[in-house]
Amino acid sequence: IAGMERFAFKGVASNLVTYLTDVVKMSNSGAAKTVSSWFGFTSLLPLLLAPFADSYLHRYNTILASSFLYVAGLVALTTSASIWARSAANQTRSTTFLFCSLCLISLGQGGYNSSLQAFGADQLDEEEEQESSNNVKSSFFQWWYFGVCSGSLFGVTLMSYIQDTFGWVLGFAIPATIMVISIAFFSSGSKIYIHKQVENMGRKPLLNIIKSITETLSKSVSCKIALPKANDVVELELQEKPLCHQNLGAMGILDKNLKSNTNYMFENTKVVLRLLPIWTMLLMFAVIFQLPATFFTKQGMTMKRNIGSNFQIPPATLQSSITLSIILLMPLYDKVLIPFAQLITRNKKGINVMQRMGAGMFISVIAMVIAACVETQRLKISRKEAAMLGSNTETVSLSIFWLLPQYILLGISDIFTVVGMQEFFYSEVPVRMRTMAFALYNSVFGVGSFLSAFLITFIEDLTRSKGRNSWFSDDMSEARLDNYYWLLTMSSTLSLMLYVVLCRFYTSRKNLDNHEQT
């Protein structure tokens, strides 16, 4: 079911930058900022919706309700593409309708993804989950991600080809249909699911606090206080009689509930703040994560894409190499890397989750170094060919397959960092905050997407001054994406170094609990 959702989402998102530049006629930087901002909005919504899913709604009901919003957004997007295909006369109205469609998809996914993954984790047998030797929880997240990547692979490869060849209406209609099928498939298993209920105190902390405060104020206001007469003052003081004779036993209970719920909120805040430094260091990885769907795709459009005389590779299809590398290499992670790491570290898991995330961050830095070198070479060939022909050409003779190493390395980094992030946040939050754990994981990519959009805006304004072309010029022969990639390389290296320092001082929740018990 998660794979079907990824098919639908990647079928839209992977080639969206092409749709915005070719159909909606946005600039390269404008399309990249729009896609990054949409990714950010989509990824941050679970952080806002997860507390309500954890506190007020059952996860099963949240998944169903979000699915219908998701489908409504996909249908609206298909309708928007149909309007653009017929006529783009009223561009303002059509663009507004397009953005509303994307917002509906974001709202649907906001409640869907984190709840679905938490609901899937709920299906694990609690006794198996407690047996560390089996690593059930770790395997669940790893193979969950394997299924998600399988759906992404088919979504990227099939839908980008259909959209470039047969049009955008069919290219958006198929993901909508797949999402409808996934709802039916999910609903068919209702009778066999394990429905875990959280404790009542933890379910509605915010509502309980408001209710406690309201009832306490109500009791205080309704309590009629009469001033004692002068000759009664001594008697009242000696007898320690209350000025109000109303029974306030209920107020004691309310005060206890208020303190309990306040402590609950305080503990949740402490959990989030304790994770904040690690969360911050992962942001640059999330910025790099935006490149395959934005500038990598625009690079590919300017490179030699022919296979034979008739077939051209859709640039967005290369994003499938990320998911394909994950699908092919993830089994090797279990069968080769982990046993080898166990021999070296003497750790049952081979490497811990912090080391796993750090390894992925390091590989992403290597990917950016290669991306910068390839882009430098592309620009050299472009200028050389322009000098020979006397004018700039739309494409250069450099093959698009030179982009493959950076895609594959990002896929390998995903195996380490993305899977590690899911396990890290899930393990480091209390049971009552499990949906919030996945929201925290998604929020890394959400804030990272907005950070990417901010960087593009800031760098574009800075480099476009004094009449020069910006680094993100629409003329790809004049753009300087290589400089942008080198900047990301240096920023990611700094984040990795700070991450290593933080890891040395970080204490896991399990160790904290053991320390408190002793």
Side-chain angles (χ1 to χ4, degrees), residues 5-6 8-21 24 26-51 66 69-70 73-74 77 95-96 98-114 117 148 152 272 275-276 278-298 316 319 322 361 364 410 414 417-418 421-422 425 436-461 472 484 487-488 491-492 495:
E5 184 276 330
R6 283 293 89 186
F9 183 78
K10 287 294 185 179
V12 171
S14 62
N15 212 16
L16 185 60
V17 70
T18 306
Y19 179 73
L20 294 177
T21 53
V24 187
M26 285 188 178
S27 65
N28 287 346
S29 60
K33 286 186 287 186
T34 300
V35 172
S36 294
S37 298
W38 179 58
F39 282 165
F41 179 63
T42 303
S43 300
L44 277 179
L45 271 178
L47 190 62
L48 303 176
L49 298 177
S66 301
L69 280 176
Y70 210 140
L74 290 170
L77 183 62
T95 304
T96 302
L98 168 65
F99 290 149
C100 288
S101 305
L102 294 175
C103 286
L104 267 179
I105 294 173
S106 299
L107 286 170
Q109 197 190 65
Y112 185 90
N113 269 349
S114 55
Q117 194 166 15
V148 163
S152 300
V272 174
L275 298 175
L276 187 60
I278 301 294
W279 180 92
T280 305
M281 293 303 105
L282 292 166
L283 289 179
M284 284 311 302
F285 178 84
V287 172
I288 293 174
F289 202 82
Q290 308 306 313
L291 294 174
T294 53
F295 291 124
F296 284 5
T297 299
K298 293 303 296 183
Q319 294 175 47
I322 295 178
M361 294 169 70
S364 70
L410 286 181
D414 278 10
T417 302
V418 176
M421 284 167 59
Q422 293 176 354
F425 287 117
M436 178 63 78
F438 301 118
L440 285 170
Y441 151 73
N442 282 320
S443 70
V444 172
F445 296 99
V447 176
S449 299
F450 283 117
L451 180 59
S452 174
F454 170 76
L455 282 174
I456 293 170
T457 302
F458 178 77
I459 293 171
E460 184 177 34
D461 291 341
F472 313 110
Y484 181 58
L487 176 64
L488 294 183
S491 302
S492 299
S495 292

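Residue numbers count from 1 along this sequence.
- Distance OG/Ser492 to CG/Leu282: 11.0 Å, rounded to 0.5 Å.
- A distance of 6.5 Å separates CE in Met284 from CG in Leu455, rounded to the nearest 0.5 Å.
- Side-chain atoms of Thr42 never come within 3.5 Å of backbone atoms of Gly110 as a donor-acceptor pair (strictly under, hydrogens ignored).
- Counting only heavy atoms from C-beta outward, the side chains of Cys100 and Leu104 never approach each other to under 4.5 Å.
- Contact check for Phe445 versus Met421: side-chain heavy atoms found under the 4.5 Å cut-off.
- Between the side chain of Gln319 and the backbone N or O of Ser14 there is at least one donor-acceptor pair closer than 3.5 Å.
- For the atom pair CD1 of Ile105 and OH of Tyr112, the computed distance is 14.0 Å after rounding to the nearest 0.5 Å.
- Between Ser364 and Phe289 the shortest side-chain heavy-atom distance does not fall below 4.5 Å.
- Thr417 places a side-chain N or O within 3.5 Å of a backbone atom of Met361 that can act as its donor or acceptor partner.
- Taking CD from Gln290 and OG from Ser37, the interatomic distance works out to 9.5 Å, rounded to the nearest 0.5 Å.
- Between the side chains of Glu460 and Ser29, at least one donor N or O lies within less than 3.5 Å of an accepting N or O.
- A heavy-atom distance below 4.5 Å is found between the side chains of Leu487 and Ile459.
- Put simply, the side chain of Phe296 reaches to within 4.5 Å of the side chain of Leu291, judged on heavy atoms.
- Atom OG1 of Thr294 and atom CG of Leu20 lie 11.5 Å apart (nearest 0.5 Å).
- Side chain of Thr21 to backbone of Thr18: a donor-acceptor contact under 3.5 angstrom is found.
- In terms of heavy-atom proximity, Leu74 sits nearest to Ala8 at CD1-CB, 4.3 Å.
- Side-chain contact check for Thr34 versus Phe99: some heavy-atom pair is nearer than 4.5 Å.
- Of all heavy-atom pairs spanning Val17 and Ala293, the tightest one is CG1-O, 3.2 Å.
- The aromatic rings of Phe39 and Phe9 are tilted relative to each other, their planes meeting at an angle between 30° and 60°.
- The shortest non-hydrogen separation linking Gly108 to Ser66 is O-CB, 3.1 Å.
- Using a distance-only test at 3.5 Å, with no hydrogens or angles considered, no donor-acceptor pair links the side chain of Ser491 to the main chain of Leu488.
- You'll find the side chain of Asp414 reaches within 4.5 Å of the side chain of Phe285, heavy atoms only.
- Rounded to the nearest 0.5 Å, atoms CG (Leu283) and OG (Ser452) are 11.5 Å apart.
- A heavy-atom distance below 4.5 Å is not found between the side chains of Leu102 and Phe41.
- When all heavy atoms of Pro292 and Ile322 are compared, the closest pair comes out as CG-CD1, 3.7 Å.
- Val287 approaches Gly448 most closely through the heavy-atom pair CG2-O, 3.5 Å.
- Residues Lys10 and Ser152 come closest through the heavy atom pair CG-OG, 3.6 Å.
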